[in-house]
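Everything below concerns the one structure shown next.
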Amino acid sequence: MLNDKTVVLGVSGSIAVYKAADLASKLTQAGAKVNVIMTESATRLVAPLTFHSLTDRPVVTSMWQAREAGIGHITLADTADIVVIAPATANTIARLAAGIADDMLTATVLATRAPVIIAPAMHTNMFRNQITQDNLARLRARGFTIVGPARGRLASGATGEGRLVEIGEIIDAIEKTLQKSADLSGKRIVVTAGGTQEPIDPARHIGNRSSGKMGFALAEAARDRGAEVTLITAPSHLPEPGGVAVVRVTTAAEMKAAVAKAVKQADALIMAAAVADYQPKSRAQAKIKKQSPEMTLELVRTPDILSEVTGSFIKVGFAAESEDLVANAQKKLKQKGLDLIVANDITEPESGFGADTNKVTMIDKEGNAESLPLMSKREVAERILDKVAGMGENPP
Ligand code: CTP
């Protein structure tokens, strides 16, 4: 797995830095090209020459020294198959979470498209501090893998959480992540996102509270796992993910047409969009003026995109429910001819519309139900893609 892979090993200034030398050595022995980037404080604890001797490659200690060595400021980011930061101090984690790029390590992480693994090491109080916890949650939500920390004796002499995990555990995480980063390679995945808007007149529409976050997280996660992704999105304020073909639509009818076109080549369709079920029977050409105290708007059904789309690709739907979650989702799975349905209870706090987190139950067509705990939408996306990747080995 590691042979010929380019690994950026970021080393920040924790007393556990000496263990990173062992990691650099093991990765090199396994055939990886290991590009070490040290923060300034790491160089106070271990000499760059140690890493240079173990990896037989240049070691970067600052943006300027890299430049002098002929290494551009994003070269290491571009060429990495994976970035591993071990040990990662509370300070480095905070800088990464804030998107700061004031040294070669943080600039590389900000610029890379490769997966990133973080192995924290710090004093227990720093680790338990809500600020560090929030920073780690933020990175996790962006798709970073956090390994550890472990419990044990710390540099201060105290015992607690904060020790760098064993090197073997970091190598396992690297191998698993590398495997995952390619498990959808060459697959074409269509994802829908956001809430459709059905116009009433030039000023108004019928909409819903979907933010698009779940669909965007799916598109980003699928891209990071090597898939060629088309994201068909109803209006959303989220920034467009790079490396994804984005198709913008407004109504259910437009989404249907875009899906029909995109699935021709697809291996999987994941419908995370909240599609309006009804649209105004006719759209007024001019703004409707207020007249009588009551007004009736005549609505007609929109197309059911998932039920109507055909083809030999994996079909994944969502079920937004406010009661009888599993039973209702199972019914939808059958009615819409799906391989997998992801049910979420939209009445749960921190779950569903607009939230950054989601709590879902995944049900496959064999009737197996798996309830996941509350997690970031990115993590939910990864779990859904684990299922899709598994089905891809035995396509429907
Ligand atoms: N869906 C669709 N076309 C529609 C409505 C929904 O493709 N016109 C898709 C959604 O993207 C989702 C799944 O069908 O993947 C279920 O959507 P949901 O809103 O939960 O269910 P509905 O089919 O609309 O049923 P109901 O509103 O009665 O619960």
Side-chain angles (χ1 to χ4, degrees), residues 189-199 205-219 222 229-236 247-263 266 268-281 299-311 313-348 351-355 358-365 369 377 380-381 383-385 387-388 391 396:
I189 299 194
V190 179
V191 179
T192 66
T196 65
Q197 297 179 352
E198 311 301 325
H205 63 251
I206 298 177
N208 61 65
R209 290 177 40 228
S210 168
S211 62
K213 285 179 184 167
M214 192 62 242
F216 277 58
L218 274 160
V229 182
T230 303
L231 172 64
I232 301 170
T233 180
S236 164
V247 180
R248 291 195 173 271
V249 298
T250 304
T251 64
E254 286 168 17
M255 186 170 274
K256 183 186 172 185
V259 167
K261 191 166 163 212
V263 293
L269 166 67
I270 309 178
M271 285 279 308
V275 185
D277 291 327
Y278 290 90
Q279 65 193 40
K281 190 169 182 187
L299 303 177
V300 293
R301 285 281 295 271
T302 55
D304 189 319
I305 304 171
L306 253 188
S307 303
E308 293 171 22
V309 71
T310 52
F313 45 84
I314 297 164
K315 251 184 173 190
V316 181
F318 275 70
E321 305 294 345
S322 55
E323 54 191 0
D324 299 332
L325 184 73
V326 173
N328 277 332
Q330 258 160 346
K331 222 190 280 167
K332 279 181 194 168
L333 176 106
K334 286 214 176 74
Q335 275 167 0
K336 301 190 187 223
L338 307 180
D339 298 289
L340 182 74
I341 193 147
V342 184
N344 61 332
D345 183 340
I346 54 169
T347 63
E348 288 243 5
S351 190
F353 289 148
N358 210 353
K359 189 163 174 291
V360 304
T361 300
M362 297 192 289
I363 306 162
D364 65 21
K365 63 174 178 223
K377 286 188 170 170
V380 172
R383 297 298 194 91
I384 295 168
L385 293 174
K387 293 268 186 205
V388 171
M391 288 174 200

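Scope of the values below: all heavy atoms of this structure, side chains included, with no hydrogens, waters or symmetry mates. In each ligand, atom 1 is the first atom listed, and ligand 1 is the first ligand listed.
In this structure, Thr302 contributes its side chain and Ala276 its backbone to a donor-acceptor pair below 3.5 Å. Between the side chain of Lys377 and the backbone N or O of Ala355 there is at least one donor-acceptor pair closer than 3.5 Å.
Between Glu321 and ligand 1, no pair of N/O atoms sits closer than 3.5 Å. The shortest N or O to N or O distance between Leu306 and ligand 1 is under 3.5 Å. In terms of polar-atom proximity, defined here as any N/O pair under 3.5 Å, Ala274 makes no such contact with ligand 1. In terms of polar-atom proximity, defined here as any N/O pair under 3.5 Å, Gly317 makes no such contact with ligand 1. Checked by distance only, ligand 1 and Ala319 stay at 3.5 Å or farther apart across all their nitrogen or oxygen atoms. Taking distance alone, with nitrogen or oxygen atoms compared against 3.5 Å, Pro303 approaches ligand 1 more closely than that limit. Remark: ligand 1 and Ala273 share an N or O pair separated by less than 3.5 Å (distance only, no angle test). Ligand 1 has no nitrogen or oxygen under 3.5 angstrom from a nitrogen or oxygen of Thr192.
Rounded to the nearest 0.5 angstrom, Ile270 CD1 and Leu306 CG are separated by 11.0 Å. Separating the CG atom in Asp345 from the OG1 atom in Thr361 is a distance of 9.0 Å, to the nearest 0.5 Å.
Using a 3.5 Å distance cut-off with no hydrogens or angles, the side chains of Glu198 and Thr196 do pair a donor with an acceptor.
Between Lys365 and Asp339 there is a salt bridge, since at least one side-chain N of the basic residue sits less than 4.0 Å from a carboxylate O of the acidic one. Between Asp304 and Lys336, at least one side-chain N (NZ, or NE/NH1/NH2) sits under 4.0 Å from a carboxylate O, which counts as a salt bridge.
Looking at Tyr278 and Arg301, their side chains come closer than 4.5 Å, going by heavy atoms from C-beta outward. Annotation: side chain of Val247 is not in contact with side chain of Leu231 (no heavy-atom distance under 4.5 Å). Residues Ile384 and Leu340 have side chains in contact (heavy-atom distance under 4.5 Å, counting atoms from C-beta outward).
Contacts between Ala276 and ligand 1, counted as non-hydrogen atom pairs separated by less than 4.0 Å, involve the backbone only. With a 4.0 Å cut-off on non-hydrogen atoms, Ala252 does not touch ligand 1 at all. If you look at Asp304 next to ligand 1, the close heavy atoms, those under 4.0 Å, come from the backbone and the side chain alike.
Looking from atom 13 (C) of ligand 1 to the surrounding protein, the closest heavy atom is Phe318 O, 3.0 Å. Ranking the protein heavy atoms by distance from atom 25 (O) of ligand 1 puts Lys332 CE, 3.5 Å first. Summary of contacts: the protein heavy atom closest to atom 28 (O) of ligand 1 is Asp277 OD2, 4.6 Å. For atom 3 (N) of ligand 1, the nearest non-hydrogen atom of the protein is Ile305 N, 3.1 Å.
Of all the heavy atoms in Phe313 and Ala266, the pair that sits closest is CB-O, 3.5 Å.
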### Task
Any chance you could lay out the side chain to side chain contact (heavy atoms under 4.5 Å, CB included) test for Gln279 and Ile206, step after step, and finish with the verdict?
CA-CA 7 Å; Gln279 65 193 40; Ile206 298 177; over 6 Å; no
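At least one heavy atom of Lys336 sits under 4.0 Å from some atom of ligand 1.
Checking atom 21 (O) of ligand 1 against the protein gives a heavy-atom contact under 4.0 Å. Checking atom 17 (O) of ligand 1 against the protein gives a heavy-atom contact under 4.0 Å.
In the vicinity of Thr302, heavy-atom distances shorter than 4.0 Å reach the ligand 1 atoms 8 (N).
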